[in-house]
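Fair warning: this is a prediction, and the values are worked out from it, not measured in the lab. Letters go in sequence order (proteins before strands), and every chain restarts at 1.
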Amino acid sequence: MSPRDLAAASRECPILHVDMDAFYASVAVRDRPDLQDVPVIVGGGHRGVVLSANYLAREYGVRSAMPMTRARRLCPQAVVIPPEFATFTAVSSSVMENFRQVTPLVEALSLDEAFLDVSGSVRRLGSPYTIAEQLRARIYDEQGITCSVGVASTVAVAKLASRRAKPDGVVVVPPQSVTAFLHPLDVGELWGVGEKTTQMLNRLGLMTVGDIAHTPLATLQRAVGASLGAQLHQLAWGQDRRVVTPRRGADEPDKSMGADETFGRDTDDPEVILREILRLSAKVAGRMRTARVAGRTVTLRVRFADFTTITRSRTLGDATDVTQEIYQTAADLFTALGLQRARLRLVGVRMEGLLPRAAVQRQLVLGARESGWSEADQAVDRATLRFGAQAVRPATLLGEGRP
DNA sequence: TCTGGGGTCCTAGGACCC
DNA sequence: TCTGGGGTCCTAGGACCC
């Protein structure tokens, strides 16, 4: 189709899904001309996975989330670059700012993708297709990286369309073409259908979105549950009530915050494990205090050497952001497991049921009077602000990481 | 040296309350 | 002395997303 036809076809398609192409890899190589024509993988670490791979690396079968060991086997000549999240975040902010100049209705899904509702921008800027191309040109000029855009009448179809547009393209799916576009797709392309659900659906002989569309709702729901079944049936017919919702602000905090870490090597040493639980508790509590939230439920996560994973949680009487309370609870949960030197691969600590701290101020003040730990945390926060995260930590963490 | 780290949502059973 | 029904909270596990 000509640009003029695409502009006309996009008239009833106010939803844009913009997705940066191989984002981390593109950012990592854009200032490195020497890497322009070689396979590049962003990722690494000791037991890490691929975060992003450029298209040259993908030709060898390298994919996101693949274990690095496998990626290196598939493409030994690839250059591996460790991620620089500060840079990614900065580039992302600029790109999102470009989006907001088009419309206030921007929903960022992650650092590298966003939905835009441009209904209110058409008069000023032209058709949704025209806006998509303008954005792509501006982002390339300013950031030196490419992106792809799906243009459709619903969020779900726009998201699928951007995938078809990759790399460096635009795909418009007008309303009258939605089912023709959707029905040939593999079931796994649908939002919410991952590996397990794909297997489940395939076992029922459902391979494509069209197959799902022509399966009775009750059958789907029996297979994958009431909620997902209903969702899939609607999506398969292009029905999607979701609207573009700008990200929640400070008034609506995250629902949970957590940290986990895979050990460099599996360990069965309770001292090592408890020290890690303390470090993670301090990390989570610090982030909660920065976000001015407190939480009631402490969840400990343990992954064994064979990758099986369990969780144990305890809900406290009052919400807390106090490192020592979180650590004590997590440590109790760990001890209660009664592990007989089982080898662990990972531990994690997560706080759920988060509330704005203003809503629990009274309890925190009382808690602080009793324990004194809250004052201790505040002193740590002040010192961290002045001297950096490595400057202050619990005594049992001294001697780690630094001379 | 197979399989990160940050999240969200759903399901299901049992406790508990009215 | 024979068996309610609904709502909410808590816990554990699992699937999925980027």
Ion pair Arg242(A)/Asp240(A), N-O distance below 4.0 Å =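 No, this pair does not count.
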Salt bridge or not for Glu133(A) and Arg138(A), using N-O below 4.0 Å?
-> no
Cation-aromatic face contact Arg136(A)/Tyr140(A), 6.0 Å, 45 degrees = no
With a cut-off of less than 4.0 Å, is there a side-chain N or O of [X] near OP1 or OP2 of [N]?
| X | N | value |
| --- | --- | --- |
| Arg314(A) | dT11(C) | no |
| Arg350(A) | dG7(B) | yes |
| Thr262(A) | dG5(B) | yes |
| Thr69(A) | dT3(B) | no |
| Lys283(A) | dG6(B) | yes |
| Arg296(A) | dC10(C) | yes |

Under 4.0 angstrom, heavy atoms only, what part of the nucleic acid is [X] near: base, sugar-phosphate, or nothing?
| X | value |
| --- | --- |
| Met66(A) | nothing |
| Gly258(A) | sugar-phosphate |
| Arg47(A) | sugar-phosphate |

Would you kindly give the [atom1]-to-[atom2] distance between [X] and [N], to the nearest whole Å?
| X | N | atom1 | atom2 | value |
| --- | --- | --- | --- | --- |
| Leu232(A) | dC9(B) | CG | C1' | 14 Å |
| Leu337(A) | dT11(C) | CG | C1' | 14 Å |
| Asp254(A) | dG6(B) | CG | P | 12 Å |
| Arg265(A) | dG4(B) | CZ | P | 17 Å |
| Gln231(A) | dT8(B) | CD | P | 17 Å |
| Arg303(A) | dT3(B) | CZ | P | 11 Å |
| Phe263(A) | dT3(B) | CZ | C1' | 17 Å |

Options [options], nucleotide nearest the side-chain atoms of [X]:
| X | options | value |
| --- | --- | --- |
| Ser227(A) | dC2(B), dG4(B), dC10(B) | dC10(B) |
| Thr297(A) | dT11(C), dG6(B), dT8(B) | dT11(C) |
| Ala226(A) | dT11(B), dT3(B), dC10(C) | dT11(B) |
| Asp260(A) | dG5(B), dC10(C), dC2(B) | dG5(B) |
| Thr315(A) | dG4(B), dC10(C), dG6(B) | dC10(C) |
| His46(A) | dG7(B), dA12(C), dT1(B) | dT1(B) |

For side chain to side chain contact (heavy atoms under 4.5 Å, CB included), just list the numbers for Val170(A) and Leu6(A), CA-CA rounded to whole Å, side-chain angles, deciding distance to a tenth of an Å, and then say yes or no.
-> CA-CA 10 Å; Val170(A) 178; Leu6(A) 284 165; over 6 Å; no
Between Met68(A) and Leu280(A), just flag the one whose closest nucleotide in DNA chain B comes earlier from the 5' side.
-> Met68(A)
Nearest-nucleotide 5' precedence on DNA chain B, Gly225(A) against Ala259(A) =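 By nearest-heavy-atom nucleotide position, the 5'-most residue is Ala259(A).
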Can you give the dot-bracket line for DNA chain B, using ( ) for pairs inside the strand, [ ] for pairs that cross earlier ones, | for pairs with another strand and . for unpaired bases, where Watson-Crick and G-U count if both distances are under 3.5 Å?
-> ....||||||||||||||
Give me the one residue out of Glu352(A), Arg314(A), Arg350(A) that meets side-chain hydrogen bond (donor to acceptor under 3.5 Å, both in side chains) with Thr299(A).
-> Glu352(A)
Qualifying residue for side-chain hydrogen bond (donor to acceptor under 3.5 Å, both in side chains) with Arg303(A), from Asp266(A), Thr309(A), Thr311(A), Thr308(A) |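 Filter result, single survivor: Thr309(A).
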Ring geometry between Trp237(A) and His183(A) (parallel below 30°, tilted from 30 to 60°, perpendicular above 60°) | perpendicular
So Phe85(A) and Tyr24(A), would you call those rings parallel, tilted or perpendicular, with 30° and 60° as cut-offs?
->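 Ring orientation, 0 to 90° scale: perpendicular.
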Residue-level proximity of residues 76-98 of chain A to DNA chain B when a heavy atom falls under 4.0 Å |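 None, since no heavy atom is under 4.0 Å.
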In B/S/- notation, 5' to 3', how is nucleotides 13-18 of chain C contacted by protein heavy atoms closer than 4.0 Å?
-> S-SSSS
If the glycosidic angle is within 90 degrees of 0 it's syn, otherwise anti, so just tell me which one dC2(B) is.
->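 dC2(B): syn glycosidic orientation.
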Distance-only donor-acceptor check, side chains Tyr55(A) and Glu59(A), under 3.5 Å = no
Do we see a donor-acceptor contact under 3.5 Å between the side chains of Thr267(A) and Asp269(A)?
->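 Note: Thr267(A) and Asp269(A) side chains miss the donor-acceptor criterion.
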Candidate list Arg292(A), Arg289(A), Arg296(A), Arg357(A), test salt bridge (charged side-chain N to carboxylate O under 4.0 Å, His left out), partner Asp321(A), passing option |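 That would be Arg357(A).
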For Glu84(A), look at atom CD and say whether over 12 heavy atoms of other residues, nucleotides or ligands are found less than 6.0 Å away.
->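 At most 12 heavy atoms, drawn from other residues, nucleotides or ligands, come within 6.0 Å of this atom.
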Can you name the nearest heavy-atom pair linking Ser313(A) to Thr297(A), along with the distance?
->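 Residues Ser313(A) and Thr297(A), closest heavy atoms: CB-CG2, 4.1 Å.
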Nearest atoms (heavy-atom pairs only) where Ala158(A) meets Ile15(A) | CB-O, 3.8 Å
Spacing of the P atoms in dC2(B) and dC18(C) (rounded, Å) =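 Nearest-Å result for dC18(C) against dC2(B) at atom P: 28 Å.
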